[in-house]
Novice: 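Structure in structure tokens, see below.
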Amino acid sequence: MSENTALLDVEGLVAGYQVKSASWLGKKRSVHAVSGIDLTLARGETLGIVGESGCGKSTLARTLVGLLKPLAGTIHFDGRDIGTLTAKEARPARRHIQMVFQDPFSSLNPRMRAGELISEGWEIHPGIVDKDEWAAEISRCLERVGLRPEHASRYPHQFSGGQRQRLCIARALALKPQVIVCDEAVSALDVSIQAQILNLLEDLQKESGISYIFISHDLGVVRHIADRVAVMYLGTIVETGDADRVFNNPRHPYTRALLSAAPSMDDWMKTEDTEIVLKGDVPSPLAPPTGCRFRTRCWKAQEHCATEAPALDLRSGDDAVACHYPLD
């Protein structure tokens with residue numbers, strides 16, 4: 001973390017979708033995939049967000065970059081509330097928060113060449129690069145991510161999977177953002193290519209001081225790249241803190257169960273099974289449990305957990321756990 005100043009500050013964020021009811025009336029119901037999220041991101045920091053599939057990680061990512069409109073809460077970027085900006089004011093502000101998607105092929109227009117994909121953002125946000133310098137800047141963007149300048153004339157299908165993801169990163173970097181949200185950015189890649197992309201992201205961060213929100217279900221990847229970690233369950237953050245502390249000493253029962261299920265190189269040395277198997281299914285976000293959302297699967301749950309939702313208990317800095325009976 002290069003500075004203590006919060007570059008991105010999210011408070012009480014609620015986001016979701018309208019879905020049709022299963023009844024013949026077809027009434028629409030609201031699904032809050034993200035329900036009351038609080039988080040901060042410092043300059044030059046990498047915040048990892050982990051959790052089961054369907055917990056709201058991707059919805060959070062899309063809301064932060066403006067692809068979804070929040071239903072409640074605030075998103076402050078560099079001290080400004082993005083939600084209060086007009087459409088004209090929001091456009092230049094939004095370019096500073098870019099996103100790299102999970103599938104590099106589907107996120108690239110197959111009819112556009114690599115150079116056109118990179119320069120498209122300059123047409124939408126004029127003034128970033130003078131038009132007579134576009135060719136030179138395209139070459140620089142490609143070289144920054146390990147591609148060659150002559151690749152500018154290629155179409156997406158002419159790249160390998162790893163090269164396409166590098167192209168997606170180059171496209172995001174072309175707008176000179178301060179934050180890049182990586183939504184499962186390496187999960188579709190081979191392990192060797194994953195390592196190359198992770199090293200590339202770290203090198204770019206050292207070079208430019210960019211901040212990352214790194215969303216992944218791969219705990220090993222998050223442990224490698226993240227400075228801090230936020231653990232999500234059913235639309236809420238249940239634990240957050242320094243990455244080493246969360247991985248070595250989880251305090252929320254869900255975090256402990258999540259980490260116990262992750263494969264390890266030391267598993268063959270264990271004389272007994274230490275994996276915590278949670279009972280029951282993940283509740284529906286259409287009808288989440290009262291009180292603590294994890295209580296229906298938690299071995300420490302008591303009556304109090306059903307009546308009062310635990311808040312993130314701030315202990316020191318950003319180290320917090322949302323549990324009435326946290327682990328020691």
Side-chain angles (χ1 to χ4, degrees), residues 45-55 57-58 60-61 98-108 110 114 117 141-148 151 154-173 179-208 210-232 242-248 250 255-270 273-277:
E45 180 188 33
T46 298
L47 172 65
I49 299 180
V50 300
E52 293 173 285
S53 296
C55 70
K57 303 188 299 295
S58 293
L60 173 61
Q98 291 298 302
M99 187 166 177
V100 177
F101 296 89
Q102 176 177 357
D103 185 355
F105 191 72
S106 62
S107 62
L108 297 172
L117 290 165
C141 287
L142 290 171
E143 289 177 334
R144 285 183 75 188
V145 298
L147 298 175
R148 296 196 297 271
H151 287 162
R154 289 187 180 183
Y155 289 97
H157 73 271
Q158 295 176 298
F159 292 96
S160 67
Q163 287 177 324
R164 281 196 290 266
Q165 198 61 292
R166 289 174 184 268
L167 178 56
C168 290
I169 296 171
R171 181 178 60 174
L173 290 172
V179 177
I180 292 182
V181 180
C182 300
D183 185 14
E184 301 282 6
V186 299
S187 64
L189 305 176
D190 293 338
V191 175
S192 60
I193 306 301
Q194 283 187 12
Q196 294 176 18
I197 298 299
L198 293 175
N199 290 335
L200 168 63
L201 292 173
E202 290 181 325
D203 291 341
L204 291 171
Q205 187 175 59
K206 293 174 183 177
E207 174 188 323
S208 61
I210 199 167
S211 301
Y212 296 124
I213 293 179
F214 196 90
I215 296 171
S216 179
H217 65 273
D218 190 326
L219 299 178
V221 168
V222 173
R223 186 169 194 169
H224 171 76
I225 198 171
D227 300 307
R228 285 191 302 117
V229 174
V231 182
M232 285 189 67
D242 177 79
D244 288 338
R245 200 281 301 164
V246 171
F247 279 99
N248 294 323
T255 308
R256 175 72 62 83
L258 193 67
L259 294 176
S260 75
S264 170
M265 293 292 291
D266 298 328
D267 285 346
W268 67 276
M269 299 176 60
K270 297 177 181 177
D273 188 5
T274 58
E275 180 179 351
I276 299 172
V277 179

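Bear in mind the structure is a predicted one, so any value in this text is a computation, not a measurement. In what follows, every heavy atom counts, from backbone to side chain, and hydrogens, waters and symmetry copies are set aside.
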Novice: Checking side-chain contact (heavy atoms from CB on, under 4.5 Å) for the pair Arg164/Leu108: CA distance, chi angles, key distance, verdict?
Specialist: CA-CA 8 Å; Arg164 281 196 290 266; Leu108 297 172; 4.3 Å; yes

Novice: For the CD1 atom of Ile213 and the OG1 atom of Thr46, what is their distance to the nearest 0.5 Å?
Specialist: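 Result: 10.0 Å between the selected atoms.
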
Novice: Indicate the atoms forming the closest heavy-atom contact of Leu189 with Gly162, along with that distance.
Specialist: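 So the two residues come closest at CD2-N, 4.0 Å.
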
Novice: Begin from the C-alpha positions of Ser160 and Gln165 and carry the test side-chain contact (heavy atoms from CB on, under 4.5 Å) through to its verdict.
Specialist: CA-CA 9 Å; Ser160 67; Gln165 198 61 292; over 6 Å; no

Novice: Can you check side-chain contact (heavy atoms from CB on, under 4.5 Å) on Phe101 and Val181, steps first, answer last?
Specialist: CA-CA 8 Å; Phe101 296 89; Val181 180; over 6 Å; no

Novice: If you take all heavy atoms of Arg223 and Asn248, which pair is closest and at what distance?
Specialist: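 Here Arg223 and Asn248 meet closest at NH2-OD1, 2.6 Å.
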
Novice: Taking the side chain from Asp227 and the backbone from Glu45, do they hold a donor-acceptor pair closer than 3.5 Å?
Specialist: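 No, because the side chain of Asp227 does not come within donor-acceptor range (under 3.5 Å) of the backbone of Glu45.
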
Novice: May I ask you to test the Ile197-Ile169 pair for a side-chain heavy-atom distance under 4.5 Å?
Specialist: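 Answer yes - side chains close enough.
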
Novice: Counting N and O atoms only, with roles assigned by atom type, does the side chain of Lys57 sit under 3.5 Å from a partner on the main chain of Ser216, one being a donor and the other an acceptor?
Specialist: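 No, Lys57 side chain to Ser216 backbone: no donor-acceptor pair under 3.5 Å.
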
Novice: Would the distance check show the side chain of Arg166 and the main-chain N or O of Val145 forming a donor-acceptor pair, the cut-off being under 3.5 Å?
Specialist: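 Between the backbone of Val145 and the side chain of Arg166 there is a qualifying donor-acceptor contact (under 3.5 Å).
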
Novice: To the nearest 0.5 Å, what is the distance between SG (Cys182) and CD1 (Ile215)?
Specialist: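 Between atom SG of Cys182 and atom CD1 of Ile215 there are 8.5 Å.
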
Novice: Between Met232 and Leu60, is any pair of side-chain heavy atoms under 4.5 Å apart?
Specialist: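 When only atoms from C-beta onward are counted, Leu60 and Met232 do touch, with a gap below 4.5 Å.
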
Novice: Assess, by modelled atom type and distance only, whether the side chains of Arg171 and Gln98 contain a donor and an acceptor separated by less than 3.5 Å.
Specialist: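 Distance-only check fails for Arg171 and Gln98.
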
Novice: Given 3.5 Å as the limit, does a donor-acceptor pair link the side chain of Asp103 with the main chain of Phe105, or not?
Specialist: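 Yes, Asp103 side chain to Phe105 backbone: donor-acceptor pair under 3.5 Å.
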
Novice: Would a 4.5 Å heavy-atom cut-off, applied to side chains only, mark Leu147 and Gln163 as touching?
Specialist: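 Answer yes - side chains close enough.
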
Novice: Can you confirm whether Gln158 sits close enough to His151 that some side-chain heavy atom of one is under 4.5 Å from a side-chain heavy atom of the other?
Specialist: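 A side-chain contact is absent here, since even the closest heavy-atom pair is not under 4.5 Å.
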
Novice: So, do Phe214 and Val186 sit near enough that their side-chain heavy atoms are less than 4.5 Å apart?
Specialist: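 Yes, their side chains come closer than 4.5 Å.
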
Novice: Taking all atoms of both residues into account, what is the closest heavy-atom pair of Pro110 and Tyr155, and its distance?
Specialist: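 So the two residues come closest at O-CD2, 3.5 Å.
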
Novice: Output all residues satisfying salt bridge (Lys or Arg N to Asp or Glu O under 4.0 Å) with Glu52, sequence neighbours left out; order by chain, then residue number.
Specialist: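 Glu52 satisfies salt bridge (Lys or Arg N to Asp or Glu O under 4.0 Å) with Arg297 only.
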
Novice: Measure across Gln205 and Ser211 and return the closest heavy-atom pair with its distance rounded to 0.1 Å.
Specialist: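 Minimum heavy-atom separation between Gln205 and Ser211: NE2-CA, 4.3 Å.
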
Novice: Quick one, Val100 and Leu201 - any side-chain contact, counting heavy atoms below 4.5 Å?
Specialist: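 Not touching, per the 4.5 Å side-chain cut-off.
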
Novice: I need the minimum non-hydrogen distance between Leu258 and Leu219, along with the two atoms involved.
Specialist: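 Reported closest heavy-atom pair: O-CD1, 3.6 Å.
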
Novice: side-chain contact (heavy atoms from CB on, under 4.5 Å), that's the test. Do Phe247 and Leu259 meet it? Break it down for me.
Specialist: CA-CA 7 Å; Phe247 279 99; Leu259 294 176; 3.5 Å; yes

Novice: With a 4.5 Å limit on heavy-atom distance, are the side chains of His217 and Glu184 in contact?
Specialist: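 They are in side-chain contact.
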
Novice: With heavy-atom distances below 4.5 Å as the criterion, would you say the side chains of Val231 and Ile49 are in contact?
Specialist: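 No, side chains not in contact.
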
Novice: To the nearest 0.5 Å, what is the distance between CD on Glu207 and CG on Leu173?
Specialist: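 So the CD of Glu207 and the CG of Leu173 are separated by 8.5 Å.
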
Novice: What are the two closest non-hydrogen atoms of Cys168 and Ser107, and how far apart are they?
Specialist: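 In terms of heavy atoms, the two residues are closest at SG-OG, 3.6 Å.
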
Novice: Where the side chain of Asp190 meets the backbone of Ile193, is there a donor-acceptor pair that is under 3.5 Å apart?
Specialist: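 No; judged by distance alone, with no hydrogens or angles, the pair does not exist.
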
